[in-house]
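In what follows, a structure is listed as structure tokens, so that the remarks can point back to it.
Just so you know, residue 1 is the first one in the sequence shown, and it goes up from there. Both ligands and their constituent atoms are indexed starting at 1 by order of listing. All values reported here derive from a predicted model rather than from experimental measurement.
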Amino acid sequence: MDGVVQPFEAEVGRVLDIVVNALYKERAIFLRELISNASDACDKLRYESLSKPELLGSDPKLEIRILADPNTNILTVKDNGIGMDRDELASNLGTIARSGTARFLEQLTGDQAKDLKLIGQFGVGFYSVFMVADKVIVRSTRAGQDKGWIWASDGRTGYTIREDEEPLPRGTAVILHLKDDAKEFLDAARIEEIVRTYSDHIAFPIILEAKPKPGETRTKAHEPHQINTASALWARPRSEITEDQYREFYHHVAHTFDDPFARIHFTAEGALSYTALLFLPAHRPFDLYDPRRRHGVRLYVRRVFITDQLEELLPRYLRFVSGVVDSEDLQLNVSRETLQHGVVVQKMRRQLTKRILDELARKASEESTPEAGTPNGAAKKNQSYLDWWAEFGAVLKEGLFEDPDNRERLLELARFKSTRGPGWVSLAEYVARMRPGQDQIFYITGENADALRTSPQLEAALAKGCEVLLLDDPVDEFWLNEVKDYQGKKFVSLTKGEVDLSRIAEEGKIETPDELYDEDLKRLLAKLGALLKDEVKEVRLSRRLRESAVCLVADEHGLDFRLERILRQHHQLERLARPILEINGRHELIRRMAAMAKDPGQEQDLAELARLLLDQARIVQGEPIPDPGAFSRRMSTFLARGLPAAA
Ligand code: ADP
């Protein structure tokens, strides 16, 4: 198959098109991407050489070289790192292995500005070379192997791979045949500027060797020379690192090019010694909910890269964090398996988690200062904590059941939608606003907060002036199962069990359901109970309704509706529990039905109305009704009776 063109995977073609078009103005980033890959390749080799020193052979100094030749229009970025064998070339450069790719492509709109932001979150990596080159050749020799390989592509049709007759001793050279409009990237000054801007933090030396342009005389500037600082960024004093350098480092570790929301850089000394430089992204990564998603924190030991696969380093609910942790305590030759269960890693995990939550708390408190609290933060330059919460809150809430040790802190950080308004509220704010006599936190769960606002189950609570949290993330069902209260105030679902609002003060007197409980209603309840016994567990008088005639509630000891729906969707629940039908004794319809229940001649109508009521309650609940045809016939019949007779 040598020389035969292999087509790119379908997704690669689309990503290439998008990249080349959308990023044109920022095309200098191709160099950053290549240097970033070269640096990772050097990191990987240094790690492998810990157990196999022979891999370094006679060439132990890892470095990156940029060769610019204006005579041939060729720019080469070369490293003596780990290299790739034939299969790796095909799978790394011919496919986009990133798990979120398909979703990324779906989200593209064709609107340049918006797409650019999305691409920023996605990171385009190697493919950015096709913005500047119309032919790209990658020569690579995997460390420890004799054979080398040549990958070549024009970025359109596909790629070829063949054996390299004169293989590199080790590592990878990316050889770019620059497009006519991209010759600026052969200019030594331009290259130096780009590297200083984007890649100064790279810990390996970057050596530039630019040949003189045709007609130019060779000077000292054309001698190979190092153009970056080449010291690990995180190990430098914080005061000497600029915002730009931090940002570029974030781009390198997170494989994106947006701006981070927060940064945490500290050195721990004492029982454990390590330096951490962590970033929280501003926008959700595409694969945040992909089960394969891992945090992006790389572990180093005394500046030597060890692994970017150490899941144990952070809890899963912080899987959006990226950065570096550099330990002074661990052994260099520690195996990844030993690390997973080691006490050093466990301790670091606790401390890192604490630092991240501290930083979030700080951001949250900034937000609650009056100045920052302008509506929607329109005038604010930085992303607000609330905007950030809208992106990441659902993931952070996983911590409420995964990480009991930090539960209290997470509850303080959590923000919720509520009946009070369109914005977000904290639990502390909720509690501060509780009505006299209220000692519970009321909530309702469902798919959509705005639809929940008008749920009949909220009516009595709202009439009493109570605020209700509107919880519309699927994860809410799971943490509410574990977390029973906040500051001693119980979380109470308004769609489940009995709700007692009697002790909550209210202006104006309104009859309690008990006062309404007369003989007629008793009879009606008994009849409805009998008529609907196959579908509902019980029919009872409601304490939560005010305007609506009916609603459904879940059994006190059963599952709440939303959880039941989720479990059903995941086929973890076969049969549904029968709900409870609550009726509003004050409602005109119910009063009239109570009167009907006295008259044996109206049994038939009562039975029809009972079904209508139940279906109505299901509809409000967002539940499907079992027989829509029958529902519609019944409704038409009763509507017709209520209208004046036709002339
Ligand atoms: P990313 O770096 O975000 O994973 P890229 O498209 O830039 O995506 O690169 C794809 C993969 O190709 C890398 O993950 C790496 O495995 C491999 N690769 C790229 N450049 C090199 C290189 N210089 N040396 C070794 N492997 C490389």
Purely on distance, is any nitrogen or oxygen of Met84 under 3.5 Å from one on ligand 1? no

Identify which of Val77, Asp40, Val129, Asn92 has a heavy atom lying nearest to atom 15 (C) of ligand 1. Asn92

salt_bridge(Glu193, Arg196) N-O dist < 4.0 Å: no

Heavy-atom contacts with Phe126 under 4.0 Å: which atoms of ligand 1 show up? List them by number with element. 5 (P), 6 (O), 7 (O)

For Arg292 and Asp290, run salt bridge (Lys or Arg N to Asp or Glu O under 4.0 Å): C-alpha distance rounded to whole Å, both residues' side-chain angles, the deciding distance at 0.1 Å, then the answer. CA-CA 5 Å; Arg292 287 166 296 180; Asp290 189 308; 3.0 Å; yes

Taking the non-hydrogen atoms of His255, is any one of them nearer than 4.0 angstrom to ligand 1? yes

Run the numbers for me: atoms of ligand 1, each under 4.0 Å from some heavy atom of Asn37, listed by number. 2 (O), 5 (P), 7 (O), 9 (O), 19 (C), 20 (N), 21 (C)

Kindly assign one of parallel, tilted or perpendicular to the pair Phe320 and Trp388, based on the angle between their ring planes and the thresholds 30° and 60°. perpendicular

Is the shortest N/O to N/O distance between Asp79 and ligand 1 below 3.5 Å? yes

Between Tyr385 and Trp389, how do the two ring planes meet: parallel, tilted or perpendicular, split at 30° and 60°? tilted

Assign the ring pair His201 / Phe249 to parallel, tilted or perpendicular, where the plane angle (0 to 90°) is split at 30° and 60°. perpendicular

